[in-house]
Every structure is written in structure tokens, then in C-alpha cells.
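Shown next, in C-alpha cells, is the structure this report addresses.
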Amino acid sequence: MPELPEVETTRRSFAERIDGATVAAVRLGKPLRWPLGCMPASLVGLRIGTAARRGKYLWLPVGDGGLLLHLGMSGSLAFSEHPGDPGAHDHFDLVTTRGTLRLTDPRRFGAVVWSLGLDADPARKLVAGLGLEPFDPAFGGEHLHRALRGRRVAIKQALLAGDIVVGAGNIYACEALFTAGIDPRTPAGRVSRPRCDRLAEAVRRILAQALELGGSTLRDYRDARGMAGSFQQHAAVYGRAGQPCLVCGTPVRRIVQAQRSTFFCPRCQKR
DNA sequence: AAGTGGACCTGCTAGC
DNA sequence: TGCTAGCAGGTCCACT
């Protein structure tokens, strides 16, 4: 599910309410991607700080450390109105003096990890390889061009890898490449400097637009207040295989790259 | 070193 | 109606 716009929308939807609250209890469901790494009971009584985001990770300060959360493919966080009856896919409850924040994640690719800081293990290890934030002023055509130099993977895969720029997952990488007019199969190292300028700008514009629309709700994504996103209604190519390109009318194509679907317009997007 | 494929796990849908 | 194959928003790891 969650790419940067969904994760950031989620963060904004719970950060204010939970900031300054105290942990009253922690409940664990089935195991997630990694073990929590501390005794849940030891969190009780600790004060929660202001939630932050790095890439698609959320960082929730708790006491002298914090929880690094990832929503995986199918995760969502929500304030639970019925904290007494967890469902089959509710795998983490943070019961606080300001409500219960509950992680629901059917596929369990998500994670909740205790760490003494973002720069302490294990959080540091998970965040270490991440690229620039897309809205960091340092992210632009120059950075992109330099980082892509010598890379032979397709540009789509280079964007998804997250070591150059974070936040664009499968939906927004497809959309950004469409906006920039770049064929997703183009070898990354062969994207010219001017096209890198356009691509960096497209990544920012698409993510900003998605953020304004509260992200994409393809299936079940909701923010912590239960609000769905609506970017999917504005997608130019993602999920539109066979339908006419909104610009030129050519049918949108679906191909597979690195075992993931890629959608693009074979006419508007060039190598 | 960079690139590739498999792994993790569950649910939904299209097609027979 | 019921079964099955294929697909889904992510990312880590082992291997070449």
C-alpha cells in the first residue's frame, strides 16, 4: 500500500493527537517482519513524542528511544475505537492516554521495531541506505544524474530501489516517469541531464499532488482517522492497462520489471 | 559492485 | 457455485 504520500498522510493524521501522551499498554498480535526487540511491558509509562517520517518509515519517539514503524504492502495505522477486540490482522496496539493506535496489516510485511534512536541500531541499519527525501532541496536533476551514472538497470527500477530518492513506490514511480515522458525501460545511466531535471521535478510534483489528495486508496488504505485517499482517480497510467492514454489516446501498456507491474504510454514516453 | 531472483504472507478477483 | 492462478501499495537477502 503505502508509499510516501500514504505514510506522510498517516503521520499527519495521528502525530498531533498522540504527541505528549503516555504509553498505558502494548499488545502484540502475530509476528511482523522483525521482532519488536524489547519487552512491550517496559514501554508502559513512557512519554510519546512527535512522530517523524524518513522515506516510508515512521519514527515515533517513546521515552529515551522510539519505535520505527513500516506499513509494508498492506499495513495501516488507525485510532481504534474498540481496543478490546482486535481483529485477525491487528498485530500491534499502542494503548496510550490519548487513545489506542492500532497497526492492521493482513500480509504482515510491516514492522515495528524498538530502537534507542534513529541513529542507533537497529533503526540506523534500516534507514542507512536510504536516498534523499524528494522535497530535500539537494534532490534535483544534478543529484539524480550523478547517482544514475553507470547504472544499467532500467530507470523505473532505479527509482524504486530507494537508494537515490525515497518515497516513490510502484504507483508514483510509474506516474512520475509518465509525467517526465521517459520510457521506464530506459537504462538508468542513459537518462540525460535535462531529462533528469524533468524527472526529479516530476517525482516531486507527483508526490506533492498525491499528498494533497491524501494518497491513493486502491483497496483498503486509510489514514489514522479513517480517511481514504483519492489520487488513484487522477492516475494517468497506473492500473490503466489497455485504456487510452489521457494525452494521446494510445492504449496504456503493462509490462513486468523486476517482478512488478509497470504501466506506461508507449507513445508519450521515450527512451 | 551491480544486477537478479526468491522470500516473506494473506486476500481478492478473474477465469474456467 | 467452486477451485485455481495470478496479482497486490515493499524491501531484505543470497547468489552470480
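Here is how names work: the chains are called A, B, and so on, in the same order as the sequence lines, proteins then strands, and each is numbered from 1.
Taking a 4.0 Å limit (strictly below) on heavy-atom distances, residues 145-158 of chain A does not reach DNA chain C anywhere.
No contact: A/F231 has no heavy atom under 4.0 Å from any strand.
For the pair A/H70 NE2 and B/dC8 P, the interatomic distance rounds to 19 Å; values are reported in whole Å. When rounded to the nearest whole Å, the span between CG of A/L160 and C1' of C/dG9 equals 11 Å. Distance, A/L207 CG to C/dG9 P: 16 Å, rounded to whole Å. Whole-Å rounding puts the A/R260 CZ to B/dA7 P distance at 17 Å. We find that CG of A/L69 is positioned 17 Å from P of C/dG10, with the value rounded to whole Å. Taking atom CG of A/L68 as the reference point, atom P of C/dC12 lies 11 Å away to the nearest angstrom. Here the P atom of nucleotide C/dT11 and the CZ atom of A/R54 are 12 Å apart, to the nearest Å. The distance from atom CG of A/L4 to atom C1' of C/dG9 is 13 Å, rounded to the nearest whole Å.
In the hydrophobic clustering, A/I255 connects to A/F264, either directly or through intervening members, whenever side-chain heavy atoms lie under 4.5 Å apart. Other members of the cluster containing A/V113 are A/W34, A/Y57, A/W59, A/L68, A/L118, A/L126, A/V127, A/L130, A/V166, with ILVMFWY side chains joined at under 4.5 Å, either directly or via other members. Residue A/M39 is found outside any hydrophobic cluster, as its side-chain heavy atoms come under 4.5 Å of no other Ile, Leu, Val, Met, Phe, Trp or Tyr. Hydrophobic cluster of A/V95: no remaining members, since no ILVMFWY side chain lies below 4.5 Å from it.
With distances taken from any side-chain atom of A/W34 to the nucleotides C/dC12, C/dG9, C/dG10, the minimum falls on C/dC12. Here the side chain of A/R254 is nearest to one of C/dA8, C/dG9, C/dG10, namely C/dA8. Here the nucleotide nearest the side chain of A/L126, chosen from C/dC12, C/dT11, C/dG9, is C/dC12.
A salt bridge (charged side-chain N to carboxylate O under 4.0 Å, His left out) with A/D90 holds for exactly one of A/R108, A/R102, A/K30; it is A/R102.
Remark: A/E142 does not engage A/R193 in a salt bridge, criterion side-chain N to carboxylate O under 4.0 Å. At a threshold of 4.0 Å, the pair A/R124-A/D121 counts as salt-bridged, since one of the basic side-chain nitrogens sits closer than that to a carboxylate oxygen.
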Its contact letters, B for base, S for sugar-phosphate only and - for none at protein heavy atoms under 4.0 Å, make nucleotides 9-16 of chain B read BBSS----
Under 3.5 Å, which N/O atoms of the protein pair with N/O atoms of nucleotides 14-16 of chain C?
none

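Pairing analysis of DNA chain C (Watson-Crick: purine N1 to pyrimidine N3 plus N6-O4 or O6-N4; G-U wobble: N1-O2 and O6-N3; both under 3.5 Å) yields stems of 3 or more pairs at B:2-8 with C:10-16, B:10-16 with C:2-8.
Along DNA chain C, the nucleotide closest to A/N170 and the one closest to A/K125 are compared, and the more 5′ of them pairs with A/N170.
A side-chain N or O of A/R254 and one of A/S261 form a donor-acceptor pair less than 3.5 Å apart.
The side chain to side chain donor-acceptor pair (under 3.5 Å) test applied to A/D136 returns no partner, not counting sequence neighbours. Residues passing the side chain to side chain donor-acceptor pair (under 3.5 Å) test with A/R204 are A/E201, sequence neighbours excluded. Here A/R27 pairs with A/D93 under the salt bridge (charged side-chain N to carboxylate O under 4.0 Å, His left out) rule; sequence neighbours left out. Not counting sequence neighbours, the partners of A/R151 by the salt bridge (charged side-chain N to carboxylate O under 4.0 Å, His left out) test are A/D163.
Taking side-chain N and O atoms only, A/Y57 has no distance below 4.0 Å to OP1 or OP2 of C/dG10. Applying the 4.0 Å criterion to OP1 and OP2 of C/dT11, one finds that A/K56 has a side-chain N or O inside that range.
Side-chain contact check for A/L4 versus A/E133: some heavy-atom pair is nearer than 4.5 Å.
On the P atoms, C/dG6 is 14 Å away from B/dG6, given to the nearest whole Å. Taking atom P in both C/dC3 and B/dC9, the straight-line distance is 25 Å, to the nearest Å. Across the P atoms, B/dG5 and C/dC7 are found 16 Å apart, a figure rounded to whole Å.
Using a 30° and 60° split on the angle between ring planes, A/H143 and A/F139 fall in the perpendicular class, above 60°.
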Starting from the C-alpha separation in whole Å, work towards a yes-or-no answer on side-chain hydrogen bond (donor to acceptor under 3.5 Å, both in side chains) for A/S76 and A/R222.
CA-CA 7 Å; A/S76 58; A/R222 301 282 150 139; over 6 Å; no
